[in-house]
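Read through the structure below, which is laid out as C-alpha cells, and then see the notes.
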Amino acid sequence: MLDNIRIVLVQTFHPGNIGQAARAMKTMGLTNLVLVNPRCFPDAEATRLAAGAEDVVESARVVSDLKDAVADCVQVVGASARLRSMPLPHYAEPEDMAREVTHNAAHDPVALVFGRERSGLTNDEINCCSHQVSIPANPEYGILNLSQAVQVLAYEVFRAWRHRPDSSFQHQTPSNGRPPTREQLEHFHAHLQQVMQESGFLTQPHARTEAQLQALFARAQPSRRELSLLRGFLSAVAPK
Ligand code: SAH
C-alpha cells in the first residue's frame with residue numbers, strides 16, 4: 001500500500017534536497033519518488049545526501065510536467081505553508097490528510113506534491129492538486145526546509161498506515177465510492193467547457209467560470225460513478 005503513495009518534488013533547485021528527501025522517505029517506508037524538472041539530476045550531491053537511500057534516488061522518475069506525474073492519481077495533496085487563491089479542500093492537520101491518503105492508497109495511486117525551495121508551488125500547479133495541506137508551525141517563521149517538510153508528512157503517513165483500520169475494513173470500500181483519477185476529472189472539465197460553449201451558455205473560453213466550476217467539483221469530490229453519470233448526461237446533451 002505504501003507503494004501507492006508517491007512523493008513529487010517540483011523543480012527542486014538544490015540536488016542535496018532530493019537526496020535528503022529520499023532519505024526522509026525511506027525512513028518512513030516510502031520509495032516512490034517523482035521529480036518534475038529538477039534543476040540538476042542525477043547529481044553526486046543528491047546521492048551523497050541520500051545516505052543509504054540511494055536506491056530511492058536511483059529509481060526516481062523524472063518528468064517534465066506535474067500533470068504527467070499525477071494523472072493516474074485519485075488524490076493529489078499539495079503541501080504549502082500558505083493558502084493560495086484556489087479554494088481547494090484544505091487539511092490544517094497533516095494527521096487528517098494522512099488518514100485519507102492511506103485510505104485511498106489501499107486501492108489507487110495518490111501523491112504528495114512539494115514546491116520549489118524559493119517560490120513553492122505556482123497557482124497552476126496547485127490547480128493540479130485535489131487538496132492542500134499545511135504543516136502547523138510558528139506563525140512568524142513557518143516555512144520548513146523542503147526535505148524536512150517531506151519528513152513531517154511522510155511520518156504522518158507512516159503513522160496513519162501503522163494505525164490503519166484492519167484490512168477487512170479496507171476491502172469494504174464500495175467500488176462506486178472510488179474517486180476518479182486526475183486525468184478523468186480533467187476530461188470531464190474539458191467536456192463540460194465544450195458543452196457550455198456549444199450550447200451558447202458561454203460565447204468564448206472563460207477562465208473565471210472554469211476556475212469556479214473546478215473549485216465546485218474539488219469541494220464536491222464526486223466518485224468515479226457520479227462523474228461518469230455527469231459525463232453521460234453531457235454526451236446526451238452534446239455528443240463529443
Ligand atoms: N518560499 C516558499 C516555500 C518553499 S519551502 C513559499 O513561500 O511558498 C519548499 C516546500 O516545502 C514548499 O513548497 C512546501 O511544499 C513545503 N513546505 C515548507 N513548509 C511547509 C509548511 N509549513 N507546510 C506545508 N508544506 C511546507
Side-chain angles (χ1 to χ4, degrees), residues 5-28 30-41 43 45-46 49-50 53 56-57 60-70 73 75-102 104-105 109-160 182 218:
I5 302 177
R6 188 176 303 171
I7 299 291
V8 181
L9 306 183
V10 177
Q11 256 194 357
T12 308
F13 189 85
H14 296 293
N17 275 334
I18 297 175
Q20 282 176 324
R23 179 179 184 177
M25 287 168 62
K26 192 167 175 180
T27 57
M28 298 297 141
L30 301 176
T31 52
N32 194 341
L33 176 62
V34 180
L35 307 171
V36 181
N37 277 331
R39 183 181 63 90
C40 193
F41 187 82
D43 182 270
E45 186 71 352
L49 287 175
V56 176
V57 173
R61 188 156 64 91
V62 178
V63 297
S64 57
D65 192 342
L66 175 57
K67 257 190 197 161
D68 296 337
V70 299
C73 292
Q75 186 176 20
V76 179
V77 184
S80 177
R82 295 171 295 146
L83 287 184
R84 300 294 171 86
S85 51
M86 260 311 279
L88 289 179
H90 172 247
Y91 299 107
E93 297 297 332
E95 194 181 341
D96 298 336
M97 174 280 294
R99 202 176 313 111
E100 290 189 16
V101 157
T102 48
N104 284 324
V110 300
L112 301 185
V113 180
F114 296 83
R116 302 159 186 78
E117 292 92 331
R118 285 182 199 167
S119 52
L121 294 166
T122 63
N123 281 343
D124 273 355
E125 287 158 357
I126 301 251
N127 219 350
C128 290
C129 301
S130 59
H131 296 77
Q132 278 181 276
V133 65
S134 28
I135 300 165
N138 180 353
E140 280 148 34
Y141 189 75
I143 298 186
L144 283 73
N145 161 272
L146 171 61
S147 64
Q148 289 169 348
V150 172
Q151 183 76 73
V152 171
L153 295 189
Y155 169 68
E156 289 291 351
V157 165
F158 184 62
R159 235 179 126 235
R182 299 305 293 166

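Note that ligands are numbered from 1 as they come in the structure, with each ligand's atoms numbered from 1 the same way.
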Handout entry: Nitrogen or oxygen of Val113 less than 3.5 angstrom from that of ligand 1
Key = no
Handout entry: Within-cut-off N or O pair, Ala149 and ligand 1, under 3.5 Å
Key = no
Handout entry: Glu125 with Arg116: basic N within carboxylate O range, under 4.0 Å
Key = yes
Exercise for the section: List the atom of Ala21, the atom of Ser147, and the distance in Å for their closest heavy-atom pair. Expected result: N-CB, 3.6 Å
Completion exercise
Checking heavy-atom distances from atom 9 (C) of ligand 1 to each of Glu125, Arg116, Gln148, Arg118, the winner is Arg116
Fill in the blank from the handout: Scanning both residues in full, the closest heavy-atom pair of Gly115 with Leu146 reads O-CD1, 3.7 Å
Practice task
Could you check Thr27 against Gln151 for side-chain hydrogen bond (donor to acceptor under 3.5 Å, both in side chains), going step by step and ending with a plain yes or no?
Solution key: CA-CA 9 Å; Thr27 57; Gln151 183 76 73; 3.3 Å; yes
Fill in the blank from the handout: Going by the 4.0 angstrom heavy-atom rule, the piece of Ser80 near ligand 1 is backbone
Problem - N or O contact, Ile135 vs ligand 1, cut-off under 3.5 Å - result: yes
Exercise for the section: Give yes if a backbone or side-chain nitrogen or oxygen of Ile143 is under 3.5 Å from a nitrogen or oxygen of ligand 1, and no if not. Expected result: no
Practice task
For Leu144, take its heavy atoms, then give the atoms of ligand 1 lying under 4.0 Å from any of them.
Solution key: 5 (S), 18 (C), 19 (N), 22 (N)
Practice task
Determine which pairs satisfy ring pair (Phe, Tyr, Trp, His ring centres under 6.0 Å) with at least one residue from residues 109-149, sequence neighbours left out, and list them in order.
Solution key: Tyr91-His131
Completion exercise
ligand 1 atoms nearer than 4.0 angstrom to some heavy atom of Phe114 are 15 (O)
Exercise for the section: Decide whether an N or O pair under 3.5 Å exists between Ala137 and ligand 1. Expected result: no
Exercise for the section: Taking the side chain as every heavy atom from C-beta outward, state whether Val36 and Val113 have any pair of such atoms under 4.5 Å apart. Expected result: no
Completion exercise
Taken in chain and number order and not counting sequence neighbours, the residues that satisfy side chain to side chain contact (heavy atoms under 4.5 Å, CB included) with Arg6 are Val8, Asn32, Val34, Arg61, Asp72, Cys73, Pro109, Ala111
